[in-house]
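First the structure, in the form of structure tokens, and then the observations on it.
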Amino acid sequence: SSDCKSALTGKGLISLDHSLILRNKGINEDTMKYSYDLQDGELARAAFYTGFTMDEYNMIWNTWKTLQLEPRVYKEPQKTDLMPAKGLKAIITASGPSLDKSIDALKSLQESHIIIAAASSYGTLVKNGINVDILCLLERGEFMIEQFNSVASIYNGKETYLLASTTTPAGLFESFKEPMVYFRSVLNPTGLFAEGVSNILKSEGPQTVNAAVSFAVSSGFDSIALIGVDLGTSNLEEKRSKDAIGETPRDFGIKVKGNLKQNAYTTELLIDGQRILEECVRSVSEKINLFNLSDGIYIKGFQPKSIDDYI
């Protein structure tokens with residue numbers, strides 16, 4: 001038993017909550033019956049559902065494991081350092097369906113721009129021969145480890161810098177170049193582990209593209225162009241980039257103003273992302289050239305422009 005205890009607590013007492021509990025075959029039959037009853041249907045949900053509490057716990061756990069790797073930690077530049085660097089241009093991609101129609105243009109633009117891929121769009125870019133300078137990640141799901149590591153192992157992820165939330169699984173970090181982490185606002189890991197508010201990447205959600213744009217704005221780019229940041233679609237037959245990593249089923253039931261077309265279709269969650277993007281660039285729109293080359297919903301503050309006109 002002492003060996004079991006040592007193994008279970010080897011990573012710290014907090015790791016006990018991730019351990020399996022096995023029932024002895026000789027256990028009392030009534031106790032076994034009650035055990036199964038507690039795991040069944042509505043009773044199990046009422047007794048064990050922990051919702052956002054469990055989500056926060058898992059984010060603390062991930063942050064603790066991530067910081068043990070001693071990655072670089074984001075620190076917001078001082079306001080006096082925020083003057084954009086002339087000629088420093090960024091392209092930020094997301095996995096909207098219009099990304100697929102922009103591949104040829106991206107191949108020519110990658111020589112003069114820093115390419116920042118928001119999460120799943122990384123798959124589309126590298127599978128089509130586009131070098132990704134920075135991969136930006138936001139979520140904490142363990143499923144991301146296999147999804148991204150499998151792609152990175154084929155397409156040389158070591159050529160791509162990783163910018164990730166501290167809550168991103170630590171198992172991703174070894175596949176990419178010089179990982180840097182940022183803290184998310186209003187989460188328990190920030191209060192527990194951040195050295196100060198300067199470690200928080202502002203306006204970092206709810207979509208990964210929000211984090212990518214926030215990072216670009218704070219990094220001194222004098223031009224930021226969005227490609228595949230559809231936040232919906234202009235064609236209900238096309239809902240996502242075909243080579244994007246993972247799956248994100250969505251029902252685009254809300255009609256809104258389009259970026260390159262009169263109308264586009266989206267969801268409430270993606271509208272939240274739109275609002276945060278607009279807020280993020282509101283104070284810098286006169287200092288930074290902001291373009292939206294995506295065929296999705298309109299984003300205030302970004303000048304709508306076709307990718308051909310941009311080139």
Side-chain angles (χ1 to χ4, degrees), residues 59 63 66 71-85 88-96 113-122 132-140 160-168 176 178-187 189-190 194-231 269-294 296-303:
M59 286 189 283
T63 297
T66 292
R72 294 178 299 161
V73 178
Y74 169 83
K75 187 172 183 180
E76 183 181 21
Q78 297 293 320
K79 290 185 178 180
T80 54
D81 299 330
L82 284 180
M83 289 303 293
L88 188 59
K89 300 179 179 180
I91 286 175
I92 295 174
T93 64
S95 55
H113 292 68
I114 301 296
I115 306 296
I116 304 175
S120 57
S121 66
Y122 173 74
V132 176
D133 296 296
I134 302 171
L135 167 62
C136 185
L137 297 176
L138 175 73
E139 302 296 345
R140 68 162 186 83
T160 299
Y161 289 97
L162 178 63
L163 172 69
S165 162
T166 61
T167 64
T168 301
F176 297 95
E178 297 183 29
M180 179 168 72
V181 297
Y182 60 88
F183 284 88
R184 301 184 62 184
S185 58
V186 201
L187 294 182
T190 301
E195 293 183 357
V197 294
S198 63
N199 298 140
I200 298 171
L201 182 63
K202 298 174 183 175
S203 305
E204 88 294 351
Q207 305 298 320
T208 308
V209 72
N210 292 109
V213 170
S214 178
F215 175 74
V217 166
S218 72
S219 297
F221 289 95
D222 77 342
S223 174
I224 300 172
L226 308 180
I227 296 181
V229 186
D230 299 354
L231 296 179
L269 180 59
L270 293 175
I271 288 174
D272 285 343
Q274 172 200 37
R275 291 169 180 154
I276 299 300
L277 282 176
E278 292 174 347
E279 181 63 31
C280 179
V281 302
R282 183 171 300 174
S283 62
V284 299
S285 58
E286 294 182 0
K287 300 177 183 177
I288 304 175
N289 296 309
L290 302 167
F291 303 98
N292 188 359
L293 317 182
S294 314
I297 73 175
Y298 174 75
I299 304 171
K300 187 177 179 181
F302 290 84
Q303 179 184 346

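All values below come from the heavy atoms of this structure, side chains included, with hydrogens, waters and symmetry mates left out. Only a predicted model underlies this, so the values are computations on that prediction, with no experimental measurement involved. Here, residue 1 is the first one in the sequence, and each next residue gets the next number.
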Checklist entry - Can you check side-chain contact (heavy atoms from CB on, under 4.5 Å) on Val181 and Thr168, steps first, answer last? => result CA-CA 9 Å; Val181 297; Thr168 301; over 6 Å; no

Item to check | Minimum heavy-atom distance Ile116-Ala216, with the two atoms named | outcome: CD1-CB, 4.3 Å

Item to check | side chain to side chain contact (heavy atoms under 4.5 Å, CB included), paired with Glu204, selected from Leu138, Ile276, Val213 | outcome: Leu138

Checklist entry - Run the side-chain contact (heavy atoms from CB on, under 4.5 Å) check on Asn210 and Leu277 step by step: do they pass? => result CA-CA 6 Å; Asn210 292 109; Leu277 282 176; 3.3 Å; yes

Item to check | Side chain to side chain, Ile134 and Phe215, heavy atoms closer than 4.5 Å | outcome: yes

Checklist entry - To the nearest 0.5 Å, what is the distance between CD (Glu195) and CZ (Phe183)? => result 8.0 Å

Checklist entry - Knowing that exactly one of Ile299, Asp230, Leu231 qualifies, which makes a side chain to side chain contact (heavy atoms under 4.5 Å, CB included) with Ser294? => result Asp230

Checklist entry - For the atom pair CZ (Phe302) and CD1 (Ile288), what is the distance rounded to the nearest 0.5 Å? => result 9.0 Å

Next on the checklist: Under a 4.0 Å threshold between the charged nitrogen and the carboxylate oxygen, would Lys300 count as salt-bridged to Glu278?
Outcome noted: no

Item to check | Closest contact, heavy atoms only, Ser121 versus Thr93 | outcome: OG-OG1, 2.9 Å

Next on the checklist: To check you understand the geometry: which heavy-atom pair defines the closest contact between Val217 and Val281, and what is its length?
Outcome noted: CG2-CG1, 4.2 Å

Item to check | Candidate pair Ser218 and Tyr74, rule side chain to side chain donor-acceptor pair (under 3.5 Å), full reasoning | outcome: CA-CA 11 Å; Ser218 72; Tyr74 169 83; 3.1 Å; yes

Checklist entry - Do you know which two heavy atoms are closest between Thr167 and Met59, and how far apart they sit? => result CG2-CB, 3.5 Å

Checklist entry - What pair of heavy atoms forms the shortest contact from Ser165 to Arg184, and how long is it? => result OG-CD, 3.5 Å

Checklist outcome for this item: Partner of Leu226 under side chain to side chain contact (heavy atoms under 4.5 Å, CB included), picked from Ile91, Leu290, Ile92, is Ile92

Checklist entry - Which value, rounded to the nearest 0.5 Å, describes the distance between Cys280 atom SG and Leu201 atom CG? => result 8.0 Å

